[in-house]
Amino acid sequence: MKPRTRPRSTVAIILITLFLAVAGIVLVPSAGSAATNLVTNGTFETGSLSGWSCSAGTGAAVSGSAHTGTWALQGSPTSGDNARCSQSVSVRPSSTYTLSAWVKGSNVYLGADGGTSTWSTNTAWNQLTTTFTTTASASTVTIYLHGWYGLPAYQADDVVLDGPGGTGPPPDTTPPTTPGGLTVGSPTSSSLQLTWSAASDANGIDHYDVVRGTDAAQSVGNVTSWTATGLSASTTYSFKVRACDAAGNCSPYGATASGTTSSGPTNPPPGNLPKHVLTGYWQNFDNGATVQRIRDVQAQYDLIAVAFADADPSRQGAITFTLDPTLSSRLGGYTAADFKADIAAKKAAGKKVILSVGGQNGTISVTNASAATNFADSALSVLREYGFDGIDIDLENGVNSQYLGQALRSLQSRFGSGLVIAMAPQTIDMQSTSFEYFKLALNIKDILTVVNVQYYNSGSMNGCNGQVYSQGTVDFITAQACIMLQNGLRPDQVGLGLPASSRAAGSGYVSPTIVNNALDCLTKGTNCGSFKPSTTWPTLRGAMTWSTNWDALNGNAFANQVGSHVHALP
């Protein structure tokens, strides 16, 4: 989504720097700062991967196209491996480090386990930089680079870790033993419980990876029992498990075990929504788009998501909502009572109005049981106060599938089965079932209403057929949507999210005609681009736009053209 504020200017910092230079004042690094690179073979000029470990033989030192010197790292992802190359480095506890590397490729990631990460999509050499602070007990840290599943090879060079050198033990290169005794049981219509025997490792187990069928590995933490959720009824699934330590060493996968879900209904209540739905976000702020009352939202929108709830600073995970007072001044008066009356009127007209949590600047964090309780308690209070029909998860700074799923189940059990639960992840968030957003969607599949992925502000992405597509095309939208349709979500839980105008997003705007073509391709197999799915999904839920306000400024093109098309779908 679009941010509500702009980043602060760096002009003051530049002026201070120039003043110090003119005055002859030189800022000298403290005695504790590092002057040397802590990475072994960070330039790859040994002509080898000495010091580095790359998954499944996906890495190599190559010559002829380095950033500097002769050699560079090249990682070659496959459909099931992201070509991760890592190195364990001795560090000091409670110390700050800056990690940088020059990279090029479609999707290249740089980071440190337990720290931060960054990524780029630039196919020319560009520098990635991230900073992290070690824990109070840290003696080593694992730094890594990787690409993305099924995308072309990436390259990296001149990797630097800047910070105080450590005196920790030699890097751990010994993998754990293989976990055994995997069993799959306790079936329900949408879940299976897995149990296995613990693996052993001299430095302890960090987590276990579980693979379902041919899906990507999913980290489930340091546990020996885990429940696979979001499954289809009367369906057989196979699983395998491996153990990994904190240094990034993983055991081989153990023997595969299978289980079959029971029969029974898995569909959530429809919540009186139409078979096909047009969703629009309504802005509770003024950023240059048309300022609207809820009553002004175009009639074609079946589901209106009020953006956004705010974080309660006094309780982790809790949310609040207040009508932006600037709207009243722009509209000549608009009170909370007016707002609530407008919501009631929309509901009386057969519409649903829900509260969206997050946005680009959202800071709500649900990462433990206490935060999950706070989220559910506060959300229930806000929904009841204003008369909202449900909640939308648009946390663009990350989610925790376990605890947010716990919070949403608690909210639904108390609100009632008619609760609308929507999600609006970014494109990258739904590329793999191992990602937290995708895991969340599958974990709450039995109560989830719709996932409207934001097919914009994303650059090029890998489609469900293994090919890379650029945003802004029919192929990009359809090849992204089928990732969800082929990996566990029902068609009625999938919507296509696009901007209402070129001003509504940084990139990825397409005309209403392109949106309609994508809907036709997925539901009827017509008007496709070069990519045509092998099947159709006539019950696809519909489309979403950011926002009703930008749509109003653009002559209501999305509501009029896409809305009428959505409502005419089979």
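The model shown is predicted, which means the values in this text are computed figures rather than measured ones.
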- Could I get the full list of side-chain contact (heavy atoms from CB on, under 4.5 Å) partners for Thr134, not counting sequence neighbours? Val91, Ser95, Tyr97, Phe132, Ala138

- Message: Can you see whether Thr68 engages Asp158 through a side-chain donor-acceptor pair at a distance of less than 3.5 angstrom?
- Response: yes

- Tell me the side chain to side chain donor-acceptor pair (under 3.5 Å) pairs involving residues 41-50, sequence neighbours left out? Asn41-Thr46, Thr46-Ser48

- Query: ring pair (Phe, Tyr, Trp, His ring centres under 6.0 Å) with Trp546: which of Tyr281, Tyr455, Tyr456?
  - Reply: Tyr281

- Given the rule in the side-chain hydrogen bond (donor to acceptor under 3.5 Å, both in side chains) test, do Asp475 and Ser530 qualify, once you have shown the distances and angles that lead to the verdict? CA-CA 7 Å; Asp475 286 337; Ser530 61; 2.6 Å; yes

- Task: Please state whether the rings of Trp102 and His67 are parallel, tilted or perpendicular, taking 30° and 60° as the class boundaries.
- Result: parallel

- Message: Ignoring hydrogens and geometry beyond distance, is a side-chain donor-acceptor pair present between Trp226 and Gln218 at under 3.5 Å?
- Response: no

- Message: Could you tell me if the side chain of Ile143 sits less than 4.5 Å from the side chain of Ser86, heavy atoms only?
- Response: no

- Message: Tyr469 vs Ile477, test: side-chain contact (heavy atoms from CB on, under 4.5 Å). Steps then yes/no.
- Response: CA-CA 9 Å; Tyr469 294 99; Ile477 300 169; over 6 Å; no

- Item | Salt-bridge contact Asp113-Arg84 (side-chain N to carboxylate O under 4.0 Å) | yes

- Task: Give me the ring orientation class for Tyr237 and Phe239: parallel if the planes are under 30° apart, tilted from 30 to 60°, perpendicular past 60°.
- Result: tilted

- Can you tell which of Val453, Asp429, Thr427, Ile428 makes a side-chain contact (heavy atoms from CB on, under 4.5 Å) with Ser458? Thr427

- Query: Between Thr96 and Thr133, do the side chains contain an N or O donor and an N or O acceptor separated by less than 3.5 Å?
  - Reply: yes

- Gap between atom OG1 of Thr545 and atom CD of Gln454 - 0.5 Å precision: 10.5 Å

- Query: Any luck finding a side-chain donor-acceptor pair between Gln316 and Asn368 under 3.5 Å?
  - Reply: yes

- Start with the C-alpha gap between Thr177 and Ser200, add the side-chain angles, then the distance that decides, and say whether side-chain hydrogen bond (donor to acceptor under 3.5 Å, both in side chains) holds. CA-CA 5 Å; Thr177 60; Ser200 61; 3.3 Å; yes

- Item | Distance-only donor-acceptor check, side chains Gln74 and Gln155, under 3.5 Å | yes

- Could you give the distance from CG (Leu151) to OG (Ser460), rounded to the nearest 0.5 Å? 9.0 Å

- Do Trp148 and Tyr154 have their ring centres less than 6.0 Å from each other? no

- For the atom pair CG (Leu73) and SG (Cys54), what is the distance rounded to the nearest 0.5 Å? 5.5 Å

- Query: Are Ser90 and Thr140 close enough that a side-chain donor and a side-chain acceptor fall under 3.5 Å?
  - Reply: no

- Message: Which residues pass the side-chain contact (heavy atoms from CB on, under 4.5 Å) test with Asn126, not counting sequence neighbours?
- Response: Val103, Ser120, Asn122, Leu128

- Query: How many angstroms lie between CG in Leu448 and CG in Leu489, if you round to the nearest 0.5 Å?
  - Reply: 6.5 Å

- Item | Gln467/Asn462 under side-chain contact (heavy atoms from CB on, under 4.5 Å): CA gap, chis, key distance, verdict | CA-CA 6 Å; Gln467 301 299 312; Asn462 195 34; 5.6 Å; no

- Query: Can you tell me how far the CD atom of Glu436 sits from the CG atom of Leu395, to the nearest 0.5 Å?
  - Reply: 12.5 Å

- Atom OG of Ser63 and atom CH2 of Trp71: how far apart are they, to the nearest 0.5 Å? 4.5 Å

- Item | Flag side-chain contact, heavy atom, 4.5 Å: Met430 against Gln480 | no

- Task: Decide if the gap between the ring center of Trp119 and the ring center of Tyr109 is smaller than 6.0 angstrom.
- Result: yes

- Show your reasoning for whether side-chain hydrogen bond (donor to acceptor under 3.5 Å, both in side chains) applies to Ser507 and Gln471. CA-CA 8 Å; Ser507 62; Gln471 67 178 0; 2.5 Å; yes

